[in-house]
2 protein chains.
Amino acid sequence: MAKPSPLADQSESPSATAELQAPLDSALDDLIGYAMRRAQLKLFQNLIGRLSAHDLRPAQFSALAIIDQNPGLMQADLARALAIEPPQVVPLLNKLESRALAVRVRCKPDKRSYGIFLSKTGETLLKELKQIAAQSDFDSTSALTGGEREELLRLLKKVYQD
Amino acid sequence: MAKPSPLADQSESPSATAELQAPLDSALDDLIGYAMRRAQLKLFQNLIGRLSAHDLRPAQFSALAIIDQNPGLMQADLARALAIEPPQVVPLLNKLESRALAVRVRCKPDKRSYGIFLSKTGETLLKELKQIAAQSDFDSTSALTGGEREELLRLLKKVYQD
DNA sequence: CGATTTAGTTATGTCAATTAACTATTAATC
DNA sequence: GATTAATAGTTAATTGACATAACTAAATCG
């Protein structure tokens with residue numbers, strides 16, 4: 001196990017997400033936070049749209065990716081990684097389990113906890129989802145050159161890793 | 001009137017906002033969308049914290065900036081600019097009016113609608129808020145050089161303006 | 001063993017935000 | 001010019017996400 005991943009966000013309601021258009025002047029145009037919010041919303045909305053074809057939300061996609069990289073982790077770990085509260089993990093995992101993408105396996109030594117694993121189906125779907133996410137990324141940033149995309153990614157990491 | 005501004009977002013609940021930590025590996029680290037979400041959340045949370053000293057939310061700050069740049073606009077315009085639904089504008093404006101930051105003025109020709117204006121107090125506060133927002137921006141991106149900030153802003157605009 | 005802590009779950013409450021319903025004013029139609 | 005339709009704003013009602021607290025089972029500590 002290493003670091004958390006949160007592409008989570010269960011909600012992201014229409015207005016919480018929408019909130020970004022551009023009809024009027026606002027003198028906010030020189031704020032990085034403002035530009036970042038608008039850009040982020042654009043990317044997120046695009047991803048949500050694509051994932052919806054698989055009846056998944058970003059948080060579920062994130063969960064799959066985290067489980068894949070940390071097989072056998074416990075629900076509390078997943079909660080921390082997604083930055084959500086433990087009770088929220090329950091319906092999320094129930095959903096993944098009901099679709100046979102992941103499984104809870106009772107722990108041998110400690111019968112209170114579960115190890116969480118991806119199923120073969122889950123692994124296969126995850127591979128596909130990663131491509132979808134990459135494609136979503138790509139066409140949400142179609143105004144950028146390849147070099148600009150790399151630079152943007154570098155700068156964003158520098159910001160949030162600080 | 002010109003273009004919209006949405007630094008709106010009424011909600012941005014803890015988990016909707018939180019959702020970003022970094023405890024486990026997730027293989028999402030090369031996605032711009034993932035990095036952008038994490039960075040954006042960091043900036044947004046910082047701004048929320050600072051604005052809370054004035055008992056304001058980002059959407060209210062955005063509203064003030066939009067009204068300032070578009071004096072006399074109608075509530076429907078403001079809703080569109082903030083990308084929220086008209087009913088949400090009511091409590092938002094009520095709050096601004098109750099604090100004497102903005103006023104609704106009955107329209108001469110069309111008695112159904114209002115023109116919205118900032119009060120002197122509102123204008124003064126907005127100036128201060130702009131500095132707060134700029135400061136928030138600055139220290140949320142303290143890992144960047146001045147040149148990198150400019151480049152980041154440029155790239156973000158390119159993304160969302162597309 | 002008995003008491004305390006921990007993993008997971010269930011239940012409850014809150015708050016934001018969408019949709020629908022309502023009032024008033026204006027515009028359109030005949 | 002009266003009736004009907006459309007528009008600005010508001011109020012009301014529904015949904016949904018999320019947090020907190022209460023509960024069950026199992027482990028650890030003494």
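Each chain gets a letter, A, B and so on, in the order the sequences are listed, and its residues count up from 1.
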Are there any protein N/O atoms within less than 3.5 Å of an N/O atom in nucleotides 24-30 of chain D, and if so, which ones and at what distance?
from    : atom 1 : to      : atom 2 : distance (Å)
dA27(D) : OP1    : P109(A) : O      : 3.4
dA27(D) : OP1    : K111(A) : N      : 2.7

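Separating the CD atom of Q75(B) from the P atom of dT25(C) is a distance of 15 Å, rounded to the nearest angstrom. The NZ atom of K95(B) sits 15 Å away from the C1' atom of dC15(C) (whole-angstrom rounding). dG8(C) atom C1' lies 14 Å from atom CZ of R80(A), rounded to whole Å. As rounded to whole Å, 7 Å separates atom P of dG8(C) from atom CD1 of I116(A). As a whole-Å value, the separation of L73(B) CG from dA8(D) P is 13 Å. dA16(C) atom P lies 12 Å from atom CG of L92(B), rounded to whole Å. Rounding to whole angstrom units, CD1 of residue I84(A) and C1' of dA17(D) are separated by 11 Å. Straight-line distance from the CD atom of E85(B) to the C1' atom of dT11(D): 15 Å, rounded to whole Å.
K95(A) pairs by the salt bridge (charged side-chain N to carboxylate O under 4.0 Å, His left out) definition with D55(A), not counting sequence neighbours. Legend: residues meeting side chain to side chain contact (heavy atoms under 4.5 Å, CB included) with A76(B), ordered by chain and number and at least two apart, are R80(B). By the side chain to side chain contact (heavy atoms under 4.5 Å, CB included) test, T124(B) pairs with no residue at all, sequence neighbours left out.
The pair D162(B)-K42(A) counts as a salt bridge, with a side-chain nitrogen and a carboxylate oxygen less than 4.0 angstrom apart. Salt-bridge formation is detected for the pair R154(B)/E148(A): a Lys NZ or Arg NE/NH1/NH2 atom is positioned less than 4.0 Å from an Asp or Glu carboxylate oxygen. The pair K157(B)-D30(A) meets the salt-bridge criterion, with a side-chain N (NZ, NE, NH1 or NH2) lying under 4.0 Å from an Asp/Glu carboxylate O.
Residues V103(B), F117(B) make up the rest of the hydrophobic cluster containing V105(B), defined by ILVMFWY side-chain heavy atoms closer than 4.5 Å, directly or through other members.
Ranking dT10(D), dG9(D), dT9(C) by closeness to the M74(B) side chain, first place goes to dG9(D). Closest contact between the side chain of V90(A) and the listed nucleotides dT10(D), dA8(D), dT10(C) involves dT10(C). Nearest to the side chain of A76(B), among dT19(C), dG9(D), dT10(C), sits dG9(D).
Stems are defined here as 3 or more consecutive Watson-Crick or G-U wobble pairs with pairing distances under 3.5 Å; those involving DNA chain C are C:1-30 with D:1-30.
The side-chain tip of R149(A) points at the ring of F138(A) from less than 6.0 angstrom away and within 45° of straight on.
Using a 3.5 Å distance cut-off with no hydrogens or angles, the side chains of D77(B) and N70(B) do not pair a donor with an acceptor.
Between R104(B) and dT10(D) there is a side-chain polar atom (N or O) within less than 4.0 angstrom of OP1 or OP2. Q88(A) has a side-chain polar atom (N or O) that falls below the 4.0 Å cut-off from OP1 or OP2 of dC18(D).
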